[in-house]
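Take a look at the structure below.
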Amino acid sequence: MQKNQLVELEITDLSYEAMGVAHLDGMTIFVNNALPGEVVEAKILKVKKSFAFAKIENIIKQSPDRVTIKLNQWVQTGLASLAHIKYEKQLEFKRQQVINLLEKAHLNKKVNETVASPEEVGYRNKAQVPVRNVKGKLEIGFFRKHSHDLVPMENFFTTDPEIDRVLVATRDILRKNRVPAYDEVKNKGEVRYLEVRRSKVNGDMMVILVCLHKDFPQLVKVADEISQISGVVSVILNHNPKKTNVILGKHDYLLAGNPQIEDKIGDIRFKISAQSFFQINSLQTPRLYNLAIEKAGLSKEDTVIDAYSGIGTIGLSVAKHVKQVYGVEIVKPAVQDAKENALINGIENVEYVCGKAEELMPNWVNEGMKANVIFVDPPRKGLTPEFIEASVKTNPQKIVYISCNPATMVRDLTMYQELGYDFEEITPVDMFPQTPHVECVTVLEKK
């Protein structure tokens with residue numbers, strides 16, 4: 001098998017990245033944008049020892065599950081790599097990913113149907129898009145899969161259309177003022193990324209310019225023009241001087257308007273700063289949290305630890321169901337936001353502290369605290385062994401695990417089982433329609 005060779009393939013499965021899987025001459029071939037049941041003519045793009053990557057040249061037999069979309073750059077870039085699949089089949093795919101991971105770990109557990117999102121497109125309340133020079137012109141878009149080649153875009157499909165409007169308007173302001181796009185090879189230029197956040201409650205938007213330098217000649221004029229875009233109430237410069245793939249730098253500078261915008265989860269208000277973590281899918285988030293609360297079977301006598309508490313989204317949602325919530329978060333500005341969010345909502349049975357949960361939880365136990373329930377909502381890398389051991393030493397009756405990465409979740413659940421906690425079922429929740437990503441909720445109970 002050679003690069004650029006044309007082959008006829010029968011697609012038998014989908015990979016966890018939603019690429020079509022085929023087999024030919026002892027090779028596994030991953031075909032972008034292909035679906036099980038399809039027969040395709042494909043061009044080989046890359047050949048490894050036992051597998052290869054290919055792209056469709058022609059669909060000979062089409063799957064009934066295929067959705068025809070006009071702009072396949074959403075699929076090409078991975079921005080919406082399930083956009084060519086009917087939504088009900090996307091939900092089945094996500095559930096099957098969780099089943100496959102459990103089977104691989106030899107865990108025979110129930111996986112419920114995936115909870116569908118109220119919005120299938122245009123649901124994202126935040127966009128972070130790279131800014132690069134393409135053919136001599138400043139462009140916004142998304143990187144092609146497995147590359148840093150920018151595909152210029154104006155419609156990002158999964159983001160709120162109002163965010164797309166502001167992204168394009170900001171791009172045009174940068175062009176008009178001849179602001180140079182970032183060159184990651186030379187580590188030169190100015191604007192690396194644009195980020196826009198939008199409140200689903202009041203429509204207010206925050207524009208963040210992620211820049212190589214803290215200042216540049218056109219900055220004052222650019223910030224003033226962006227602040228006049230309809231709906232924009234906050235303009236911020238994030239300074240990221242490092243040659244890195246990490247999007248945001250550590251320091252933010254307010255250029256115009258307010259330092260925060262406000263949104264809601266259910267009936268709870270949240271002040272959101274430039275670097276605050278806030279769930280992307282505003283309408284699905286209350287369903288996610290209500291599911292976790294329902295599965296936890298909370299009572300008014302419970303004391304809850306909210307580990308990885310962020311700006312307080314879970315803890316404040318839980319507070320009305322329990323006696324007391326203790327939130328712990330390592331990011332100091334997030335702790336300050338959580339305290340402010342508790343204050344503006346008049347929620348008094350919560351306490352937020354800055355530090356590592358694995359260090360603080362044992363101290364709380366030594367001081368006499370008895371926590372019945374621990375909520376965890378870790379980043380994609382999951383929990384550390386140190387955290388898992390510390391949470392078990394805290395001796396809760398239940399541990400509610402909300403995960404954005406089922407692979408690391410299953411790994412962590414296996415370790416919890418070894419330490420005396422078990423679970424009955426997992427419920428997938430679709431927070432990210434059109435993508436392979438899936439959120440999960442499960443409750444571990446002490447044996």
Side-chain angles (χ1 to χ4, degrees), residues 15-19 30 32 45-46 48 53 73-81 124-135 137-153 156-159 163 167 170-171 174 179-197 206-216 236-253 273-280 308 310 330-331 333-334 378-384 403-408 431-432 434-438:
S15 74
Y16 71 95
E17 290 185 311
M19 298 184 79
F30 298 101
N32 199 28
L45 300 178
K46 188 183 290 186
K48 298 288 187 178
F53 293 98
Q73 71 258 35
W74 298 322
V75 178
Q76 290 172 350
T77 59
L79 184 66
S81 53
R124 290 183 63 99
N125 57 33
K126 182 179 83 169
Q128 288 178 324
V129 302
V131 180
R132 296 293 185 269
N133 196 305
V134 179
K135 296 179 181 178
K137 200 173 192 179
L138 182 145
E139 295 280 9
I140 59 173
F142 223 71
F143 294 129
R144 200 179 302 276
K145 271 185 181 179
H146 312 299
S147 81
H148 270 216
D149 299 329
L150 189 82
V151 178
M153 291 186 194
F156 290 85
F157 191 55
T158 58
T159 56
I163 289 178
L167 285 170
T170 303
R171 177 204 66 185
L174 295 174
V179 178
Y182 179 62
D183 183 328
E184 61 187 330
V185 176
K186 297 177 181 178
N187 198 33
K188 289 183 177 179
E190 290 299 345
V191 184
R192 305 169 70 124
Y193 286 85
L194 291 183
E195 178 177 322
V196 179
R197 309 184 79 142
M206 173 186 287
V207 176
I208 302 164
L209 304 172
V210 183
C211 297
L212 185 63
H213 303 104
K214 283 192 287 188
D215 196 8
F216 52 88
I236 289 169
L237 183 143
N238 173 269
H239 182 216
N240 186 355
K242 295 183 179 179
K243 191 169 184 178
T244 173
N245 287 332
V246 176
I247 294 175
L248 295 176
K250 291 182 178 179
H251 300 292
D252 298 311
Y253 300 91
S273 303
Q275 302 207 32
S276 296
F277 171 77
F278 193 75
Q279 290 280 5
I280 288 293
Y308 302 90
I330 198 167
V331 180
R380 288 189 61 76
K381 63 184 177 182
L383 302 171
T384 64
S403 166
C404 60
N405 184 349
T408 54
M431 297 291 287
F432 312 99
Q434 317 304 330
T435 82
H437 299 299
V438 59

Measure the spacing between OH of Y182 and CG of N240 and express it to the nearest 0.5 Å. 7.5 Å
So, do R132 and E139 sit near enough that their side-chain heavy atoms are less than 4.5 Å apart? no
Do T408 and R380 make a side-chain contact, defined as non-hydrogen atoms from C-beta onward lying under 4.5 Å apart? no
Any side-chain heavy-atom pair from Q128 and L248 closer than 4.5 angstrom? yes
For H148, look at atom NE2 and say whether over 12 heavy atoms of other residues, nucleotides or ligands are found less than 6.0 Å away. yes
Gap separating the CD1 atom of I163 from the CG atom of L194, nearest 0.5 angstrom: 12.0 Å
Using every non-hydrogen atom in the two residues, find where F156 and L79 come nearest and quote the distance to one decimal. O-CD2, 3.5 Å
Quick check for you: to the nearest 0.5 Å, what is the distance between T244 atom OG1 and E184 atom CD? 10.5 Å
Spacing of T159 atom OG1 and R124 atom CZ [to the nearest 0.5 Å]: 7.5 Å
Under 3.5 Å: donor-acceptor pair, side chain of N125, backbone of Q279: yes
Report yes if some heavy atom in the side chain of E190 is under 4.5 Å from a heavy atom in the side chain of H213; otherwise report no. yes
Heavy-atom closest pair, residues R197 and F278: NH2-CB, 3.7 Å
Mind checking the CG-NE2 spacing from D252 to H239? Nearest 0.5 Å is all I need. 11.5 Å
Is any side-chain heavy atom of M153 closer than 4.5 Å to a side-chain heavy atom of F142? yes
For residues N238 and I208, report the shortest heavy-atom separation together with the two atoms involved. CB-CG2, 3.8 Å
side-chain contact (heavy atoms from CB on, under 4.5 Å) between F432 and V438: does it pass, once the steps are laid out? CA-CA 7 Å; F432 312 99; V438 59; over 6 Å; no
Of the non-hydrogen atoms in T170 and L209, which two are nearest, and what is the gap between them? CG2-CD2, 4.2 Å
For a 4.5 angstrom cut-off between non-hydrogen side-chain atoms, does I236 reach M206? yes
Using 0.5 Å steps for rounding, measure from the CD atom of E195 to the CD atom of Q275. 8.5 Å
Which atom of P130 lies closest to which atom of G141, heavy atoms considered: CD-O, 3.2 Å
Within 6.0 Å of NZ in K186, more than 12 heavy atoms from elsewhere: no
Of all heavy-atom pairs between R192 and N187, which one has the smallest distance, and what is that distance? NH1-OD1, 4.3 Å
